[in-house]
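Computed from a predicted structure; not experimentally measured. Convention: sequence-line order gives letters A, B, ...; per-chain numbering from 1.
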Number of protein chains: 2
Amino acid sequence: MGQDLPVTGYALLGLLTFGDELTGYELKQRADITMRFYWVSPAMSQIYSELARLSDRGLVAAVADDSGTSRYRITDEGREVVREWMTETPAGFPVLKHPVALRLLMGHLTDAATTRAMLERYVEELAAARRDLAEVRAGLVGRDEPGQNFHHPSLVADWGLAYFDSEARIARRTLRRMSADGP
Amino acid sequence: MGQDLPVTGYALLGLLTFGDELTGYELKQRADITMRFYWVSPAMSQIYSELARLSDRGLVAAVADDSGTSRYRITDEGREVVREWMTETPAGFPVLKHPVALRLLMGHLTDAATTRAMLERYVEELAAARRDLAEVRAGLVGRDEPGQNFHHPSLVADWGLAYFDSEARIARRTLRRMSADGP
DNA sequence: ACAGCCATGTAACTCGTTACATGATTAC
DNA sequence: GTAATCATGTAACGAGTTACATGGCTGT
């Protein structure tokens, strides 16, 4: 039953549990607007190869629509496999690849202006990411109440917004601590 | 000059700029106590193969100590390559792989108790990670002032502590929002 | 007609992991 | 003496990326 899949495989299955039958292309778009904030946005090629694996194992079924395009739908077994994964295996601790923190660690190798510029740029990028996510969140309004289809996605989106706010606060605080020192 | 390296390569070079000559083994230990919080802890085998590449390119030099063990020291060229990387290339936005958020997204596939247990466990793991990092941070006290060797590492450690605190706050808030609903 | 999006895939490659193997030194 | 730690590597493999290739359909 519960053969292991790469987490990205479960993630794709998860995206297919919100009611729609999606093409590989559409799946990529969904991943780009939501999953990328707290997981990754897989490359197109990976989506297709992962879909092939899921299909091999009977976890998704491809149905050709009128125009001949393959639309993927999660099967009962697929639903069961995701459920089992969620209940039987621990989630694991987040992995963060934070190039800003990594470079800050080596701040002694450059001048303070370079580090400050990096942090300021990060604050701007955070603001842009926050705007994108806020837009996604706004699109869920009206379908985000407990019991509704997008309740959990809205919890996740709010998590992401709070995370971005926190990062911006921390980056600004670090900037203040740096300018307390010399140039 | 500035051939590209995997970021982990630059990270290892960075760890070698704090004054010591380190063995591969020691490098792994340093990575485990600090880098793992905001980058990754590379496997031993990767550290050795990465050191081989850095050595090939003349960015580190191996010197055999009295017992015959290889200790690695960053070269002037290595120092220059890191500096160039930091000043000439953008840091890039952090990549987060957050299995807790990913599973929360699919909360509709399990019962609320499972999701709550996951969040509670995450809060505990955050507390443990925070304790570990606080210990590291405490070890820097006295060498963490501006201009001192571990000023930047201490800024990064404080960043990490604030991040863990923020995550714990967000997870607890999510738990409250969930228990506002039914069981 | 041409640009841009929709749609799907293959091939080559890199990063990074786990498993395996080996042996020296240190602590109890 | 024997367990743990120090130390270094090889081999097999998997996930995921970029580059490349193809072709239909849609709007202007």
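- Checking Tyr122(B) against Glu167(B) by side-chain atom types alone, a donor-acceptor pair falls below 3.5 Å.
- Between the side chain of Lys28(B) and the backbone N or O of Pro42(B) there is at least one donor-acceptor pair closer than 3.5 Å.
- For the residue pair His108(B) / Gln148(A), no side-chain donor-acceptor distance below 3.5 Å is found, with atom types taken as modelled.
- When atom types are taken as modelled, the side chain of Ser49(B) and the backbone of Ser45(B) share a donor-acceptor pair closer than 3.5 angstrom.
- The main-chain N or O of Leu59(A) is found under 3.5 Å from a side-chain atom of Thr75(A) such that the two form a donor-acceptor pair.
- Regarding Asp4(B), its CG atom lies at a distance of 18 Å from the P atom of dC13(C), rounded to whole Å.
- The pair Asp165(A)-Arg169(A) does not meet the salt-bridge criterion, since no charged nitrogen lies less than 4.0 angstrom from a carboxylate oxygen.
- Looking at Arg71(B) and Glu26(B), a side-chain N of the basic residue comes within less than 4.0 Å of a carboxylate O on the acidic one, giving a salt bridge.
- Between the side chain of Thr34(A) and the backbone N or O of Arg30(A), at least one donor-acceptor pair lies under 3.5 Å.
- Mapping Tyr25(B) and Lys97(B) onto DNA chain D via the closest heavy atom, the residue that lands nearer the 5' end is Tyr25(B).
- A donor-acceptor pair under 3.5 Å links the side-chain atoms of Thr87(B) to the main chain of Arg83(B), judged by distance alone.
- Scanning DNA chain D 5' to 3' for nucleotides with an atom closer than 4.0 angstrom to a non-hydrogen atom of chain B gives a first and last hit of dT5(D) to dG16(D).
- For residues 66-86 of chain A, every residue pair satisfying the ring pair (Phe, Tyr, Trp, His ring centres under 6.0 Å) rule, not counting sequence neighbours, is listed here: Tyr10(A)-Trp85(A).
- Within residues 43-54 of chain A, the residues having any heavy atom closer than 4.0 Å to DNA chain D are, in order of number, Ala43(A), Ser45(A), Gln46(A), Arg53(A).
- Other residues sharing a hydrophobic cluster with Val63(B) under the 4.5 Å side-chain heavy-atom criterion for ILVMFWY residues do not exist; the residue is a singleton.
- Checking Thr89(B) against Arg103(A) by side-chain atom types alone, a donor-acceptor pair falls below 3.5 Å.
- Of all the residues in residues 57-70 of chain B, not one reaches under 4.0 Å from DNA chain C with any non-hydrogen atom.
- Rounded to 10 degrees, the angle between the two end axes of the helix from dA1(C)-dT28(D) to dC28(C)-dG1(D) is 30°, with five pairs used at each end.
- dT8(C) atom P lies 10 Å from atom CG of Leu27(A), rounded to whole Å.
- With salt bridges taken as basic N to acidic carboxylate O contacts below 4.0 Å, none links Asp20(B) and Arg73(B).
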